[in-house]
Amino acid sequence: MTKGKISLVLRLLALGSTAAAIAIMVTSHETAKVLNLSFDAKYSNTSAFVYFVVAEAIAGGYSLVSLLLSCKTPILRLMMMMDVVIAMLLSSSISAAVAIGQVGKKGNSHAGWLPICGQVSKFCDQVTGTLIAGFVAAVLYLVLLLCSLHSLFALKP
Amino acid sequence: MALDNGGKPAAVHESMPISKALSSRVLLALRLVAFLATVAATVVMALNKETKTIVVATIGSTPVTATLTAKFQHTPAFVYFVIANGMASLHNLLMIVVEIWGHKFDYKGLRLAMIAVLDMMTVAVASGADGAATFMAELGKKGNSHARWNKICDKFGSFCDHGGGAIISSFVGLLLLVIITALSIGRLVKPRPAALSPV
């Protein structure tokens with residue numbers, strides 16, 4: 001039963017992590033005026049961040065549902081498939097958000113894209129925080145996959 | 001009741017070898033197609049390069065030209081895309097080799113488990129690469145007016161087309177890899193003995 005407890009704890013931590021990521025990302029908003037140009041930085045300006053929030057919301061909802069369901073019925077195989085799909089979703093969303101965030105922080109001189117972190121530094125800090133939370137959620141889900149796989153082993157004696 | 005119990009396990013044992021051989025053939029075919037898809041994605045993106053000379057200014061009667069290159073190495077997301085798809089194609093190749101020739105090695109019964117774990121890890125890495133590359137490509141195609149980032153696909157059309165093709169091929173490989181992972185996990189579960197079923 002300790003395997004079941006570890007998996008419950010991991011799901012709870014992942015739920016908290018995704019909730020934190022959504023909360024920080026949605027409340028990050030900053031306006032800056034530089035040389036008569038106003039930068040209005042919101043998470044909804046970039047489709048990658050919108051995808052990140054949606055994916056974290058789906059993962060958080062699934063964590064809640066699987067927390068409630070894991071005590072009731074042993075639908076282990078279906079939950080493992082869904083775990084793989086949700087881990088994939090989390091991994092792709094954090095990669096996309098980090099890729100766009102890297103362009104925002106360092107720019108891309110070859111494409112002529114200037115970094116924006118100099119103008120909206122508070123927005124950048126909050127996005128960094130939410131990306132860390134999203135990364136923790138992805139790692140937790142990968143560990144959860146390994147745990148549930150371990151409980152399904154058919155080890156020969 | 002004795003007749004029922006005696007009849008059922010025999011029928012199960014007869015159908016199992018046929019479905020096992022069929023499922024391993026299907027798995028092998030899926031792995032082959034996934035290998036081809038990820039190799040295509042890696043190669044197309046790695047050879048993705050476009051050079052364009054544009055006239056910047058005209059001094060007198062001689063035009064001043066500048067040469068701009070679009071390479072995949074300019075964007076870290078595409079570099080990660082190439083590396084991750086390379087790893088995924090190596091994994092697929094290794095798994096095909098193990099399926100065909102590696103039936104003797106069993107590693108204390110852990111072989112199927114190791115295959116499933118490696119499949120899951122490759123799914124995680126490849127899905128990250130696909131997500132990052134898709135959104136970078138969308139940024140290059142549409143730009144971002146809020147951050148004053150111009151789109152580059154109108155100048156480098158063939159670079160964008162090749163990149164898009166590589167990303168689509170990688171998505172196909174990822175989808176097949178998810179199906180393969182599901183099948184590998186399904187092979188791991190111990191078949192329930194008939195004696196334990198509730199009467």
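Since the model is a prediction, treat every value here as computed from it, not as a measurement. Just so we're on the same page: letters track the sequence lines, and every chain starts at 1.
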Using non-hydrogen atoms only, which part of [X] is less than 4.5 Å away from chain A: side chain, backbone, both, or neither?
X	result
B:Leu174	side chain
B:Ile152	side chain
B:Asn144	side chain

Practice prompt. Kindly indicate whether the side chain of A:Asp40, heavy atoms from C-beta on, has any atom under 4.5 Å from the side chain of A:His29.
Written response: yes
Worksheet item: Any idea how B:Trp149 and A:Trp113 line up, ring-wise: parallel (<30°), tilted (30 to 60°), or perpendicular (>60°)?
Response: tilted
Please identify, among [options], the residue contributing the most non-hydrogen atom pairs under 4.5 Å to chain B.
options	answer
A:Leu142, A:Leu114, A:Leu146	A:Leu114
A:Val98, A:Val103, A:Val84	A:Val103
A:Ala87, A:Ala48, A:Ser93	A:Ala48

Worksheet entry | Side-chain H-bond candidate by donor/acceptor type, B:Glu50 with B:Thr69, under 3.5 Å | no
Discussion item. Under a 3.5 Å cutoff, is there a donor and acceptor pairing between the side chains of A:Ser66 and A:Arg11?
Written reply: yes
Fill in: Part of A:Met80 within contact of chain B (heavy atom distance under 4.5 Å)
side chain
Discussion item. Out of B:Ala133, B:Ala124, B:Ala77, return the one with the most heavy atom pairs under 4.5 angstrom to chain A.
Written reply: B:Ala124
Item to complete: Run the salt-bridge test on B:Asp119 and B:Arg31 with the 4.0 Å N-O cut-off and return the result as yes or no.
Response: yes
Discussion item. Has B:Lys71 got a side-chain atom pairing as donor or acceptor with B:Asn48's backbone, closer than 3.5 angstrom?
Written reply: no
